[in-house]
Amino acid sequence: MNGCKKLQGEISVHGAKNSVLPILASTLLIKGVSVIHNVPDLSDVDASVNILEYLGAKVKRENSTLIVDASEISQNKVPEEMMREMRSSIIFLGSLLSRTKEAYICYPGGCDIGIRPIDLHLNALKKLGAVIYENGNCLCCKSHGFHGSKIILTFPSVGATENIIIAAAVSKGKTTIINAAREPEISDLAAFLNSCGARIFGAGEGTIEIEGVESLYPSAHSIIPDRVVAATYMSIGALCSDELVVKNIRSQHLMPVMPVFMEMGCRIDIDKNDLRITSPKRLKRVKMIKTMPYPGFPTDCQSIVMAALTKAKGTTIINESIFESRFKHISELNRFGADITVNDRSAIINGVKNLYGANVYCTDLRGGASMVVAALAAEGKSTIGDIYHINRGYEKIEESLAQIGADIKRVNDEKKQEETEECSA
Ligand code: UD1
């Protein structure tokens, strides 16, 4: 399949994976039917649904709506293979423990982007009243119901903040989270739980207060658009299109990435929930990008924006401060003819004039997305393998890109990691 096609038109952003996953986990708190709209069809969502169903919930999908009936929960142990399916399965700990008062889970799996400890989750849940001990690779957790506490996070972990919010939602007393993560997905989780009767204040800010309630009632909620998918399409627009309209975005969620695209020489026009990105003939380098917790530049956009910068005029430095091993995609980007070197936690990207088609592999979810961005901008045919990573966070990406003129097709749709899986761009 050939890259270097001029892309144009409109491309729409689906619901945010990182919102859906904690919200699905939190439906365990509700003895009734939760209705979640704008849920993307992703393998990580399937993994969450499998866990919910295993635990006894009934889950039905109607197009992009998931209907979760958690009236009856019959299990309190999440099997190891389900936990290993995705890292964010740890988010089930707070909700399962809240619901069943006794939970058994294994250490979670996830992207290969470095050590991903869960100490902040466990310490916080202990402060809320959980007793947790390890048995081999399994965590045995008990509580007589959570009670309020003051929790100071040493780092604004997204997952730990979500686990605390979920655990403290149904509890006795008030919980305060200091140095909470401020990502939009935290606010979305709080909005859902508040619509169910929770009393969560300050989500989106550094201090969150949760007044525990006795129980929650069923509600309906629509998931916010995925800002990382939006940034992926912006990178593709910047690199492969004169003008591209990215539809169904929340512009305030894209504030951390917009200045980077503007420094590349792009013009960005916002019209309500649509964003038009107009690109120069050749992108300019960005002096320095450092990944930071929200509202800083997101680590999830690092590889994706890096792919766009491989063809920019000049040298860009990207410093990765969130995950210690999130540069595995670089050796793959260099197969396209990119000139990127790594010095400790910094990548030095010397812009080249052309990229050339290559056979590459996805190293992780966002690294995989960066392969798609590069392949679309490379002369000639590329083949991308191990696209099961991409399926975790992008719904039918090849169909969305084909609609704006990309010459891309999925040539093997097997979902299993072990089986050969390819996507050509
Ligand atoms: C979430 C996102 C992920 C994103 C990340 C950072 C989901 C499903 N995933 O992941 O896409 O890249 O936020 O924006 O929402 N840490 C600890 N101890 C802990 C927890 C985290 O040391 O108990 C460290 C991690 O190793 C990492 C940093 O904190 O270095 C950030 O992790 P965290 O914010 O927790 O990310 P996730 O919730 O796993």
Side-chain angles (χ1 to χ4, degrees), residues 15-26 39-40 42-45 47-48 51 83 85-94 107-127 130 132 139 151-167 177 179-190 203 206 223-224 226-232 253 256-257 290-305 319-329 345 364-370 389-390 392-394:
K17 168 182 89 75
N18 288 353
S19 264
V20 180
L21 303 182
I23 286 176
L24 283 180
S26 75
V39 178
L42 308 171
S43 60
D44 267 11
V45 172
S48 295
I51 293 176
M83 285 302 290
E85 207 41 37
M86 60 167 184
R87 158 154 177 110
S88 31
S89 46
I90 189 64
I91 207 68
F92 277 90
L93 183 54
Y107 279 96
C111 265
D112 190 13
I113 55 177
I115 310 163
R116 296 183 78 169
I118 52 169
D119 54 316
L120 298 173
H121 299 247
L122 301 185
N123 290 340
L125 292 177
K126 283 178 190 166
K127 278 206 94 175
I132 302 176
L139 291 166
I151 295 165
I152 305 172
L153 291 175
T154 48
F155 180 87
S157 155
V158 174
T161 303
E162 290 165 346
N163 238 332
I164 300 167
I165 289 176
I166 291 172
I177 313 173
N179 199 24
R182 297 163 64 189
E183 271 70 1
E185 294 76 22
I186 304 279
S187 307
D188 207 28
L189 171 66
I223 298 292
I224 55 169
D226 195 308
R227 62 198 167 96
V228 185
V229 172
T232 307
H253 298 169
V257 297
K290 187 179 170 88
T291 63
M292 303 276 275
Y294 193 87
F297 184 87
T299 173
D300 284 351
C301 296
Q302 177 253 107
S303 57
I304 295 158
V305 166
N319 181 271
E320 172 58 56
S321 81
I322 307 292
F323 290 106
E324 42 106 37
S325 171
R326 209 172 194 177
F327 279 154
K328 291 195 172 148
H329 54 279
R345 285 204 167 197
D364 58 83
L365 164 57
R366 304 305 170 187
S370 77
H389 286 294
I390 297 178
R392 291 186 45 223
Y394 295 83

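Values reported hereafter were calculated over all heavy atoms of this structure, with side chains retained and with hydrogens, waters and symmetry mates removed. We count ligands from 1, going down the list as the structure has it; atoms in each ligand are counted the same way.
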*Near I118, which atoms of ligand 1 are under 4.0 Å from a heavy atom of that residue?*
19 (C), 23 (O)
*First locate atom CD1 of I165, then atom CG of L189, and finally report the distance between them rounded to the nearest 0.5 Å.*
5.5 Å
*List in chain and number order the residues that pass salt bridge (Lys or Arg N to Asp or Glu O under 4.0 Å) with D188, two or more places apart in sequence or in another chain; answer none if no residue qualifies.*
none
*Please determine which of L122, I152, I164, I151 meets the side chain to side chain contact (heavy atoms under 4.5 Å, CB included) test together with K127.*
I151
_Tell me whether L21 has any N or O atom under 3.5 angstrom from an N or O of ligand 1._
no
*For S88, take its heavy atoms, then give the atoms of ligand 1 lying under 4.0 Å from any of them.*
8 (C)
*Please indicate whether any nitrogen or oxygen in N18 is less than 3.5 Å from any nitrogen or oxygen in ligand 1.*
yes
*Compute the minimum heavy-atom distance from E185 to ligand 1 and say whether it is under 4.0 Å.*
no
*Looking at E185 and R227, does any basic side-chain N land under 4.0 Å from a carboxylate oxygen?*
yes
*So do M292 and P256 actually touch side chain to side chain, heavy atoms under 4.5 Å?*
no
_Suppose I only count heavy atoms of R326 and a 4.0 Å limit; which atoms of ligand 1 are within that range?_
12 (O)
_Counting only heavy atoms closer than 4.0 Å, does ligand 1 sit against the backbone of V158, its side chain, both, or neither?_
both
*Polar atom proximity, D119 to ligand 1 (N or O, under 3.5 Å)*: yes
*Are the side chains of V20 and S48 in touch, meaning some heavy atoms are under 4.5 Å apart?*
no
*asked:* If you take the nearest heavy atom of each of D44, N123, D300, which one is closest to atom 12 (O) of ligand 1?
replied: D300
*Where ligand 1 meets T299 - atom numbers and elements under 4.0 angstrom, heavy-atom basis*: 6 (C), 12 (O), 14 (O)
*asked:* Using the rule side chain to side chain contact (heavy atoms under 4.5 Å, CB included), only one of I224, D226, L24 pairs with S19; which is it?
replied: I224
*Test item: F155 and P293 side chains (from C-beta on) under 4.5 Å apart, heavy atoms*: yes
_I need the atoms of ligand 1 closer than 4.0 Å to a non-hydrogen atom of G159, numbered in the order shown._
35 (O), 38 (O)
_Between ligand 1 and I322, is the shortest N or O to N or O distance under 3.5 Å?_
yes
_Once you restrict to heavy atoms under 4.0 Å, what part of L122 touches ligand 1? Side chain, backbone, both or neither._
neither
_Out of the candidates R366, H329, R326, only one should pair with Q302 under the side chain to side chain donor-acceptor pair (under 3.5 Å) rule; please name it._
H329
*Selection from A16, P117, S157 by shortest heavy-atom distance to atom 19 (C) of ligand 1*: P117
